[in-house]
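Have a look at the structure below before the remarks.
Note that ligands are numbered from 1 as they come in the structure, with each ligand's atoms numbered from 1 the same way.
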Amino acid sequence: MSTSHAIRQLRITPIAFRDPPLLNAAGIHEPWALRSIIEIETASGLVGINESYGDQPMLDALAKAAPALVGLSPWALNEMEQRVAALVAPPAQTASEFLGQQVSLAPGTHVSKTVAKVVSAFEVAMLDLQGQMANAPIVDLLGGAARPSVPFSAYLFYKYAEHAGQPYAPDAWGEALTPQQLVAQAQRMIGQYGFQSIKLKAGALPPDEEAAGILALAEAFPGLPLRIDPNANWTVETSLRIVDKLRGVLEYYEDPAPGLDGMAAVARACEVPLATNMVVTDFAEFRRNAEMGCPVKIVLSDHHYWGGLRATQRLSTLCRTFDLGLSMHSNSHLGISLVAMTHLCASVPLLTYACDTHYPWQDDEVIEGGRLQFEAGSLRVPTTPGLGVRLDRNALARLHDNYLHCGIRNRDDLGQMRKYDPSFDGKQPRF
Ligand code: GKR
Ligand code: MG
């Protein structure tokens, strides 16, 4: 490689974009969601980009690790991983304290994932550079497309009509607290994007109401695969009582009860396959699930905290070896994350279910050309070099300005919920 392609500098820009009042097990989304935009520039002037978490600890870790990449070749992913680990790994004692502990409903905010998150943040931007240098889309660097497009599912949320005490106009989605409103939300989302499966974020309302929501969806969308995800906010007993009501209706049952032991207890008495993004969130937890005879049958990965696109490919090989399913988890995000996910998912032969995405809940974009377009619920894999998308600098400046003014530095769904209900304690499992 000519030295002119050596990495010269990195820019990390925190951004914020509007997020609706979506309910979950922890509380409710705040009016702004945070992300970081990563730019890695070579001496020759190429710029590789990526999107990752934007909470303060992540910004600190990115800032700490960034100087270690200067002078490195964009091809040197293994070296980058070693340098990042040396700089941002939490002390061994801290890391081992977290082993086997349940991560929160936002696994990406967990300290035990710091190295994996930073590696992923840089890896995708370096792959974007590699693609530009080799004139190949990232999917080709990952082994080529196993499918021309990647299917996503309609990700439904119970929600309020507007944010507490905020001077913002209500969003276009309106309130969703009843089965009828939930069906209307699904009709709107499917009408707009063409999704061919549905996921309901649960753990927010009393479980029987959420079961009624799923049954209403089953009636309104006969034959469409359905999933429910209470984010471990139900006891084992509640999980079994509710799945009984949903017999024959669910494609999979996502994180009903807390901990791998809780999931194993549900699995012993329930034939619906269990999926997770809470108890198998890294390779150590994968091993524990395998040692327990795989009570969890579907791993919902997320390259942002599994260590990147290549790490998720390794996970896919393991899933195949252990006869497990694989799909993708998401958090509030914009198009760079979505397009990285699309390259990845196109490259893994094993993708057994349509992926999650929060994309319909966001209106904003940070890439040139604006919002990405779904066709029948799927995204076409880009064929242009690298990620195939470029930063819209005006949008980046505007979203950064949002960040500077929004006053949020760490996601706090619990604190936000207390603005509606000061007595809300967020204790889990709540039901
Ligand atoms: O955005 O409220 C949310 C979700 O609950 C998110 O935080 C979860 O990490 O979507 C995720 C999930 O599937 O658990
Ligand atoms: Mg989940």
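Residue contacts with ligand 1, taken as heavy atom pairs separated by less than 4.0 Å, involve Asn231 solely via side-chain atoms from C-beta onward. Under 4.0 angstrom from ligand 1, the non-hydrogen atoms of Ser330 all belong to its backbone.
Applying the 4.0 Å criterion to heavy atoms of Asn331 picks out, from ligand 1, the atoms 6 (C), 7 (O), 8 (C), 9 (O). When each atom of ligand 1 is checked for a heavy atom of Arg411 under 4.0 Å away, the hits are 1 (O), 2 (O), 3 (C), 7 (O). Interface atoms of ligand 1 facing Tyr155, defined by a heavy-atom separation under 4.0 Å, are 4 (C), 10 (O), 11 (C), 12 (C), 13 (O). Taking every non-hydrogen atom of His29 and a distance limit under 4.0 Å, the qualifying atoms of ligand 1 come out as 1 (O), 2 (O), 3 (C). Of all the atoms in ligand 1, the ones that sit under 4.0 Å from a non-hydrogen atom of Asp229 are 12 (C), 13 (O), 14 (O). Atoms of ligand 1 lying under 4.0 Å from any heavy atom of Lys199, numbered from 1 in the order shown and given with element: 12 (C), 13 (O).
Under 2.8 Å from the Mg ion (ligand 2) lies no N/O/S atom of Asn231, from backbone or side chain alike. Residue Asp255: no N/O/S atom is found under 2.8 Å from the Mg ion (ligand 2). The Mg ion (ligand 2) has no N, O or S atom of Asp356 inside 2.8 Å of it.
Not a single heavy atom of Met278 sits closer than 4.0 Å to an atom of ligand 1. Ligand 1 has no atom lying under 4.0 Å from any heavy atom of Leu22.
Between the side chain of Ser52 and the backbone N or O of Ser36 there is no donor-acceptor pair closer than 3.5 Å. For the pair Asn231 (side chain) and Asn233 (backbone), a donor-acceptor distance under 3.5 Å is absent. Remark: the backbone N or O of Thr317 is paired with a side-chain donor or acceptor of Thr321 at under 3.5 angstrom. A donor-acceptor pair under 3.5 Å is absent between the side-chain atoms of Arg268 and the main chain of Pro295, judged by distance alone. Of the possible donor and acceptor atoms, one in the side chain of Arg418 sits under 3.5 Å from a partner among the backbone N and O of Phe424.
With ring centers used as reference points, Phe195 lies 6.0 Å or more from Tyr155. A distance of 6.0 Å or more separates the ring centres of Tyr359 and Tyr193.
Under the 6.0 Å distance and 45° angle rule, Arg35 counts as a cation-pi partner of Tyr53.
Side-chain contact, Ser337 with His303: no donor N or O sits under 3.5 Å from an acceptor N or O.
Every N/O-N/O distance between Ser332 and ligand 1 stays at or above 3.5 Å. Annotation: Lys201 places an N or O atom under 3.5 Å from an N or O atom of ligand 1; distance criterion only.
Taking the Mg ion (ligand 2) as reference, Asp229 places its N/O/S atom OD2 nearest. Take the N/O/S atoms of Glu254: the one nearest the Mg ion (ligand 2) is OE2.
Ring planes of Trp173 and Trp361: tilted class, angle from 30 to 60°.
Note on Arg430 versus Asp425: no salt bridge recorded, every NZ/NE/NH1/NH2 to OD/OE distance being 4.0 Å or above.
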